[in-house]
*Asks:* 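Got a structure for you, questions after.
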Amino acid sequence: MTIFRQSTQIIIRLQEYAQQKEVPQWVLFLQKLIFDVEIDIKISLEAANYLLDMNMSSINHHDIYNKIKDDFQNKEIDLSIIDQKYLEDLINKTGVAKNCHELLMGKLYLILSDQSHQKNIIDLLIKIANIEQVKFLNIIKNTFNIKYFDSTQESMKLFSDFWKLSNEYYNKMIFFKNSECLFNMIDCLDDDNPLLRHLSKSWLNQAYQQFEKILDPIYKILFDNNINTKGENDQILIEQEYNCVEIRKSFRRLKNIILNSSVMEFLTKTDVTEKSFLSKKLCTTNSTYLGLLIGISLRFTQGECIDSLSKEFKRENYSVKASSCEFLEFLLNHIENKELLLQCALEINGPIVSLLDIAIVNNDEVMQVQLLSVLKVLYFNSSSVYLKSQQNKNNALSLFKNAKLHECLVKGITSDYFYVREKFIKFTVQCLPRFSKVMNDDEGYTLFFQIGGTFVEKLTECVERRIEIEKKGRKD
């Protein structure tokens with residue numbers, strides 16, 4: 001191996017003194033060493049390394065070197081130096097063109113599972129990816145195409161190997177910004193095949209130290225599609241259409257990540273560094289991944305279309321509102337630190353109550369129930385710390401003294417929709433004891449009288465209606 005290495009270096013350096021305009025035979029010899037399936041893998045990798053170094057070098061300005069580089073990246077490889085069955089298999093699995101550059105990328109990616117040479121392979125892959133990263137990512141994406149592989153399992157294992165090795169040796173490099181192949185792995189978290197779910201979950205949990213590389217592409221979709229026009233009553237006016245399908249997918253992916261990993265600790269403790277995310281004006285002041293995710297979820301829940309947008313988009317936007325509200329409830333429900341949850345409640349309680357009031361006015365029973373579920377998490381899950389300190393007690397009091405909240409509860413328990421009315425009654429009955437913990441006697445009495453009086457009145461109406469129905473039944 002030492003003789004081969006030294007000989008190759010000498011030949012490469014001597015080439016600038018050679019009087020020839022065509023690609024020399026020794027380049028074809030290196031290519032043959034790379035792709036010959038009978039050659040020892042150490043020699044193949046060594047040959048690939050020299051060929052890459054020569055094509056990446058900035059000191060070789062001679063015409064012959066430019067010719068070699070051009071052929072390497074663009075010209076179809078000499079088919080006589082490569083086994084046709086191997087070539088066909090390589091192209092089918094990776095979707096590469098027949099030039100040496102892409103074929104080499106495809107070969108290196110497919111042999112990542114060779115553990116005895118993984119360091120050398122990942123070094124070469126990083127070198128070649130730096131030449132043309134887009135083509136390299138397309139190769140990874142192609143391996144997820146079901147027609148190329150007998151099983152998605154193989155493509156997932158290759159991706160996991162590349163993720164692990166690239167982060168182990170090149171942890172500052174980011175390959176998968178807004179990448180389809182990254183989302184393919186995440187989407188397998190809820191696949192029907194339990195083996196694919198296991199592979200996806202294993203990959204996700206080995207990435208726990210670099211969750212930002214997984215989360216940032218999803219956050220980018222959410223923030224790029226976010227409309228910032230401020231409306232009235234805590235609504236956000238949407239003046240142009242956005243990709244509703246991608247937003248719903250993003251919330252589903254985030255939910256699956258939370259369910260299948262320890263990412264909540266990361267979300268809670270890690271500040272976002274991406275400036276484009278931080279530049280958005282959200283109702284939350286917390287700059288952690290959790291704070292921004294709560295803010296952007298609420299923002300999509302607040303989104304209302306202007307009249308000029310199409311009916312079809314308005315329907316799609318409504319589904320996004322429902323999805324984001326449902327995700328917000330899910331996210332808040334997974335906050336284990338109750339004092340942190342109380343802080344979150346202070347920031348979003350006002351907008352949530354305003355949206356609830358709008359939903360009641362618009363007779364939107366779906367959003368009424370969903371928003372009520374969010375408030376239930378905010379109030380009930382944080383109630384254990386209300387009396388832990390005077391500050392907590394004051395914070396809880398500021399939540400419950402919201403006059404609009406009291407109005408919503410009164411309206412809700414008189415709703416014409418039985419299911420909605422039942423939800424409001426149950427929520428109110430569970431809330432009142434928690435209110436009493438932090439309110440003084442006069443405040444509590446006034447509130448209980450207002451809500452309790454309406455509750456008794458509604459209950460009386462229900463009893464009277466039931467009596468009338470029974471009387472009518474006896475007459476019939």
Side-chain angles (χ1 to χ4, degrees), residues 215 218-219 221-223 225-228 230-231 233-236 238 242 244 246-259 263-264 266-268 272 277 280-304 316-360 364-383 399 402 404-405 408 412 420 423 427 431:
L215 295 173
I218 304 177
Y219 274 52
I221 291 176
L222 293 174
F223 281 85
N225 284 283
N226 185 29
I227 309 301
N228 285 317
K230 185 73 174 178
N233 299 321
D234 290 304
Q235 287 182 306
I236 301 298
I238 299 173
Y242 61 87
C244 297
E246 285 302 312
I247 297 301
R248 291 197 299 270
K249 284 183 179 179
S250 295
F251 283 125
R252 190 190 78 238
R253 286 166 180 153
L254 287 166
K255 182 176 181 179
N256 284 330
I257 290 172
I258 292 172
L259 286 173
V263 74
M264 280 303 298
F266 175 89
L267 293 175
T268 303
V272 171
F277 301 160
K280 300 292 184 179
K281 294 181 180 179
L282 304 174
C283 68
T284 52
T285 58
N286 191 331
S287 62
T288 63
Y289 275 87
L290 177 65
L292 264 66
L293 188 53
I294 291 173
I296 199 67
S297 301
L298 177 58
R299 205 160 185 77
F300 278 108
T301 305
Q302 294 170 307
E304 289 292 337
E316 287 294 305
N317 179 67
Y318 185 83
S319 71
V320 169
K321 283 168 62 73
S323 297
S324 59
C325 188
E326 182 181 56
F327 176 78
L328 180 59
E329 177 199 353
F330 167 84
L331 179 63
L332 294 169
N333 216 6
H334 279 75
I335 299 177
E336 294 183 358
N337 186 328
K338 304 310 177 185
E339 295 204 17
L340 175 61
L341 180 60
L342 181 57
Q343 291 298 319
C344 294
L346 285 173
E347 293 194 304
I348 69 173
N349 182 63
I352 294 294
V353 171
S354 294
L355 291 174
L356 179 60
D357 184 54
I358 293 170
I360 292 173
D364 187 344
E365 60 269 23
V366 174
M367 288 305 297
Q368 288 180 55
V369 172
Q370 287 195 308
L371 290 164
L372 205 61
S373 297
V374 174
L375 290 176
K376 183 177 179 180
V377 174
L378 291 177
Y379 297 166
F380 298 179
N381 288 14
S382 63
S383 62
L399 296 178
N402 187 319
K404 188 174 288 187
L405 170 64
C408 286
V420 174
K423 290 291 184 181
F427 177 82
C431 262

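Source: prediction; values computed, not measured. The analysis underlying the following values was restricted to heavy atoms, covering all of them including side chains, and did not include hydrogens, waters or symmetry mates.
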*Asks:* Indicate yes or no: at least one non-hydrogen side-chain atom of V420 is less than 4.5 angstrom from one of I360.
*Replies:* no
*Asks:* Once you round to the nearest 0.5 Å, how far does CG of L293 lie from CG of L328?
*Replies:*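 Here the interatomic distance stands at 8.5 Å.
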*Asks:* Does F330 have its ring centroid less than 6.0 Å away from the ring centroid of F251?
*Replies:* no
*Asks:* With side-chain contact (heavy atoms from CB on, under 4.5 Å) as the test, would you mind laying out the steps for L292 and F223 before giving the verdict?
*Replies:* CA-CA 10 Å; L292 264 66; F223 281 85; 3.9 Å; yes
*Asks:* Tell me the closest heavy-atom pair linking K338 and S382, and the distance in Å.
*Replies:* O-CB, 3.9 Å
*Asks:* Within the 4.5 Å heavy-atom criterion, are L375 and L356 side-chain neighbours or not?
*Replies:*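 Sidechains of L356 and L375: in contact.
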*Asks:* Which value, rounded to the nearest 0.5 Å, describes the distance between Q343 atom CD and E347 atom CD?
*Replies:* 7.5 Å
*Asks:* Can you name the closest pair of heavy atoms from I335 and C344 and give their distance?
*Replies:* CD1-SG, 4.2 Å
*Asks:* Is there side-chain contact between L298 and L355, with heavy atoms separated by less than 4.5 Å?
*Replies:* yes
*Asks:* Does a salt bridge link E326 with K255, judged by any charged N lying under 4.0 Å from a carboxylate O?
*Replies:* no
*Asks:* Using only atom types and a distance under 3.5 Å, with no angle test, would you say the side chain of N333 pairs donor to acceptor with the backbone of V377?
*Replies:* no
*Asks:* So, using ring-ring contact (aromatic ring centres under 6.0 Å, His included) as the criterion, who are the partners of F427 when residues are at least two apart?
*Replies:*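 Applying ring-ring contact (aromatic ring centres under 6.0 Å, His included) to F427 gives F380.
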*Asks:* CD/E246 to SG/C244 distance, rounded to the nearest 0.5 angstrom?
*Replies:* 10.5 Å
*Asks:* Find out whether L378 and I348 are in side-chain contact, i.e. whether some heavy atom of one side chain is under 4.5 Å from a heavy atom of the other.
*Replies:* yes
*Asks:* Looking at residues at least two apart in the chain, or sitting in another chain, which of them share a salt bridge (Lys or Arg N to Asp or Glu O under 4.0 Å) with D364?
*Replies:*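 With neighbours one apart ignored, the set is empty.
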*Asks:* Is the shortest heavy-atom distance from the side chain of E336 to the side chain of L341 under 4.5 Å?
*Replies:*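 The answer is no, as the side chains (C-beta and beyond) never meet within the 4.5 Å cut-off.
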*Asks:* So, for L399 and A345, which heavy atoms are closest and what is the spacing to 0.1 Å?
*Replies:*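 Shortest heavy-atom contact: CD2-O, 3.6 Å.
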*Asks:* Can you give me the closest heavy-atom contact between A359 and M367, atom names plus distance?
*Replies:*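 Residues A359 and M367, closest heavy atoms: CB-CB, 4.1 Å.
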*Asks:* Kindly write out the residues that satisfy side chain to side chain donor-acceptor pair (under 3.5 Å) with K321, not counting sequence neighbours, or none if the list is empty.
*Replies:* E304
*Asks:* With side-chain contact (heavy atoms from CB on, under 4.5 Å) as the test, would you mind laying out the steps for R248 and E316 before giving the verdict?
*Replies:* CA-CA 10 Å; R248 291 197 299 270; E316 287 294 305; 3.0 Å; yes
*Asks:* Please give me the minimum heavy-atom distance between N402 and G350, naming the atom from each residue.
*Replies:*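 Nearest pair, atom of N402 first, then G350: ND2-CA, 4.4 Å.
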*Asks:* Kindly compute the distance separating CD1 (I352) from OG (S373), expressed to the nearest 0.5 Å.
*Replies:*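 Atom-to-atom, I352:CD1 and S373:OG are 11.0 Å apart.
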*Asks:* If you apply the rule side-chain contact (heavy atoms from CB on, under 4.5 Å), what do you find for I218 with K249, and how did you get there?
*Replies:* CA-CA 9 Å; I218 304 177; K249 284 183 179 179; over 6 Å; no
*Asks:* Does a side-chain heavy-atom distance below 4.5 Å link L259 with H334?
*Replies:* yes
*Asks:* Report the C-alpha distance between K376 and E329 in whole Å, list the side-chain angles of each, state the deciding distance to 0.1 Å, and finish with yes or no for salt bridge (Lys or Arg N to Asp or Glu O under 4.0 Å).
*Replies:* CA-CA 9 Å; K376 183 177 179 180; E329 177 199 353; over 6 Å; no
*Asks:* Could you tell me if the side chain of V353 sits less than 4.5 Å from the side chain of L371, heavy atoms only?
*Replies:* no
*Asks:* State, with a plain yes or no, whether a side-chain heavy atom of V320 is found less than 4.5 Å away from one of Y242.
*Replies:* yes
*Asks:* Return the CG to CG distance between L332 and N381, rounded to the nearest 0.5 Å.
*Replies:*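 Here the interatomic distance stands at 8.5 Å.
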*Asks:* Going from CD on Q302 to OG on S297, what distance comes out if it is rounded to the nearest 0.5 angstrom?
*Replies:*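 Those atoms lie 11.0 Å apart.
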*Asks:* So, applying side-chain contact (heavy atoms from CB on, under 4.5 Å) with S324, which one of I247, T301, I296 is it?
*Replies:* T301
